[in-house]
Structure formats: structure tokens, C-alpha cells
J.: 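First the structure, then my questions, so here it is.
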Amino acid sequence: MLYRYFFILIAMASLLVGVQVPHYVDQYQQRIDAHLIEVGIHLKGFQAIADQFYDGDLDQLIAYHEQSQDDVFAAEAKPLRQMQQRFQYLQQQQQALQTHLAGQIQHIIGHPDRDILRETWRQYKAVVPLTGEAIGAGFIIAFLLLLIVECVCFVPRRRLRRNREKRLFQSDSKLL
């Protein structure tokens with residue numbers, strides 16, 4: 001009886017955790033989008049200058065800064081290059097998340113932006129969304145966790161019990 005209650009508790013807890021996954025993925029994706037917009041706003045003025053003087057090539061504008069004899073102007077090249085690289089990186093992150101939920105989860109597990117991942121975790125508020133995606137993810141995670149618990153905790157006990165019963169049966173047979 002305790003086994004069943006334990007199993008039900010694990011199922012309920014894993015279902016509640018599972019329904020959080022799509023919401024967390026959505027929160028992460030929104031943060032990626034927000035950071036991309038912010039970097040884009042900061043690059044906008046430089047892109048306008050590149051459009052005016054270098055046919056839109058921001059790399060040429062940065063190279064001009066790097067080659068400048070003016071130390072202040074040359075020093076601007078490094079943060080400008082970093083801003084451009086951050087913008088491109090966030091675009092790649094955003095594109096990688098333009099897929100189905102399983103692909104998004106795989107990307108977040110395998111190739112997340114660690115800072116944005118931590119930021120999402122710190123700001124995350126658990127909810128119980130009743131979308132089809134959340135319910136599906138909840139059931140899948142609950143099923144997988146229950147399967148793991150069953151295999152790790154209860155299958156070995158059953159084998160031990162069967163082995164013990166076999167030994168008892170064999171010893172009883174020897175007595176007869």
C-alpha cells in the first residue's frame with residue numbers, strides 16, 4: 001500500500017514539474033528576444049552610419065574604428081565589435097529556438113546562453129498552465145520519472161524477493 005502512495009506522490013510531483021517545462025522554455029525564449037532587441041537598439045545608430053558610409057557593412061565601420069589614429073575612436077572598436085558579436089549570437093539563439101518544444105528543450109539543455117538561463121531561473125515563477133503542450137510535457141516527464149523509479153527502486157527488490165523465494169523453495173525441497 002505504501003508503494004502505491006509513494007508512486008502516486010512521485011507521479012503528481014513529476015507531473016507538476018513537467019507542466020513547468022514549456023513555460024520555462026517560453027520564459028527563456030522571451031529573455032533571448034528581449035536581449036536581442038536591446039542590443040539591436042544599441043547597434044541601430046552604428047548601423048545607420050555603416051549604411052550611410054559603408055553600404056551597410058558594420059564590419060567596415062568597426063575596421064575603420066580599429067585603424068583610427070585617434071585613441072578614443074580606436075578604443076570604441078572593441079566594445080562595438082563585442083556588441084555586434086553579441087547581436088549575432090543572440091540571433092543564432094533565437095533561430096535555434098524556432099522549432100518544436102522537444103527541439104527547444106534540447107537546445108536549452110545542450111547550448112543555452114548560461115547567463116540568460118540563470119536569469120530566467122532567478123526570475124521564474126511557477127504556474128500551472130493548462131495548455132496541451134504543458135499537459136503533454138507533464139505526462140511525458142511523469143511517465144519517464146516513474147519508469148526510472150520503478151527500474152531503479154522496485155525491480156531490484158522484486159528480483160531479490162524471487163531469489164530469496166527460490167532459495168527457500170530449494171532448501172525446503174532438500175528437507176523433503
Side-chain angles (χ1 to χ4, degrees), residues 10 13-149 151-152:
I10 290 174
S14 57
L15 183 65
L16 286 173
V17 169
V19 298
Q20 299 303 309
V21 171
H23 184 62
Y24 184 83
V25 168
D26 184 55
Q27 292 295 307
Y28 176 82
Q29 190 170 18
Q30 287 179 16
R31 280 186 167 58
I32 290 288
D33 293 345
H35 282 270
L36 181 61
I37 289 168
E38 182 179 358
V39 173
I41 288 170
H42 293 299
L43 272 179
K44 193 174 187 178
F46 293 105
Q47 186 61 56
I49 295 168
D51 290 344
Q52 184 178 0
F53 295 104
Y54 299 104
D55 294 323
D57 191 346
L58 195 56
D59 286 321
Q60 284 185 358
L61 176 64
I62 294 170
Y64 183 80
H65 276 252
E66 289 170 337
Q67 297 166 2
S68 175
Q69 299 301 316
D70 184 343
D71 292 339
V72 174
F73 202 63
E76 286 180 347
K78 185 177 179 182
L80 183 54
R81 170 102 40 216
Q82 289 171 339
M83 197 181 328
Q84 178 198 34
Q85 290 169 346
R86 180 72 174 162
F87 185 78
Q88 291 168 346
Y89 170 76
L90 289 169
Q91 280 182 320
Q92 292 168 353
Q93 286 284 313
Q94 186 184 51
Q95 288 170 357
L97 293 169
Q98 300 303 315
T99 185
H100 49 81
L101 180 62
Q104 292 171 332
I105 293 169
Q106 182 181 6
H107 176 74
I108 290 174
I109 290 171
H111 307 287
D113 180 287
R114 300 277 180 215
D115 293 332
I116 294 177
L117 194 67
R118 280 190 290 275
E119 178 183 319
T120 304
W121 182 252
R122 280 193 309 269
Q123 298 293 320
Y124 186 74
K125 300 250 188 280
V127 296
V128 182
L130 294 179
T131 64
E133 202 171 53
I135 293 169
F139 278 116
I140 289 170
I141 289 173
F143 174 76
L144 292 174
L145 187 59
L146 290 173
L147 188 64
I148 291 168
V149 168
C151 291
V152 171

J.: Could you walk me through whether D55 and Q60 pass the side-chain hydrogen bond (donor to acceptor under 3.5 Å, both in side chains) test, one step at a time?
T.: CA-CA 9 Å; D55 294 323; Q60 284 185 358; over 6 Å; no

J.: Specify whether Y54 and Y64 have parallel, tilted or perpendicular ring planes, treating 30° as the upper limit for parallel and 60° as the lower limit for perpendicular.
T.: tilted

J.: Just verifying a value: how many Å separate I108 CD1 and L101 CG, rounded to the nearest 0.5 Å?
T.: 8.5 Å

J.: How close do I32 and I116 get, heavy atom to heavy atom, and via which atoms?
T.: CD1-CD1, 3.5 Å

J.: Under 4.5 Å between any side-chain heavy atoms of Q27 and K125, yes or no?
T.: no

J.: Look at K78 together with E66 and state whether they make a salt bridge at an N to O cut-off of under 4.0 Å.
T.: no

J.: Got a second to check how far D115's CG is from H35's NE2, nearest 0.5 Å?
T.: 8.5 Å

J.: In the structure I gave you, are the side-chain heavy atoms of Q29 and Q98 within less than 4.5 Å of one another anywhere?
T.: yes

J.: Can any side-chain N or O of Q104 pair as donor or acceptor with the backbone N or O of L97 at less than 3.5 Å?
T.: yes

J.: Establish, yes or no, whether a centroid distance under 6.0 Å links the rings of H23 and Y124.
T.: yes

J.: When you measure from the side chain of E76 to the backbone N and O of V72, does any donor-acceptor pair fall under 3.5 Å?
T.: no

J.: Does atom CD of Q88 have more than 12 heavy-atom neighbours, drawn from other residues, nucleotides or ligands, at distances under 6.0 Å?
T.: yes

J.: NE2 of H42 to CD of E38: how many Å apart, nearest 0.5 Å?
T.: 4.5 Å

J.: Going through the checks in order, is the salt bridge (charged side-chain N to carboxylate O under 4.0 Å, His left out) test met by D113 and R86?
T.: CA-CA 11 Å; D113 180 287; R86 180 72 174 162; 2.8 Å; yes

J.: So which atom in A137 and which in G18 form the shortest heavy-atom distance, rounded to 0.1 Å?
T.: CB-O, 3.6 Å

J.: Going from CG on L58 to CG on L80, what distance comes out if it is rounded to the nearest 0.5 angstrom?
T.: 5.5 Å

J.: Please round to the nearest 0.5 Å and tell me the distance separating atom CZ of F139 and atom CG of L144.
T.: 13.5 Å

J.: Please confirm whether the backbone N or O of A96 pairs with a side-chain atom of H107, one donor and one acceptor, at under 3.5 Å?
T.: no

J.: Looking only at heavy atoms, what is the nearest atom pair of A50 and L61, with distance?
T.: N-CD2, 4.2 Å

J.: If only side-chain N and O atoms count, and only distance matters, is there a donor-acceptor pair under 3.5 Å linking Y28 with Q93?
T.: yes

J.: When rounded to the nearest 0.5 angstrom, what is the spacing between CD in Q91 and CG in L36?
T.: 5.5 Å

J.: Between D26 and Q30, is any side-chain donor less than 3.5 angstrom from a side-chain acceptor?
T.: yes

J.: Looking only at non-hydrogen atoms, find the nearest pair between S14 and L145 and report the distance.
T.: CB-CD2, 3.4 Å

J.: Are the side chains of D59 and Q84 in touch, meaning some heavy atoms are under 4.5 Å apart?
T.: yes

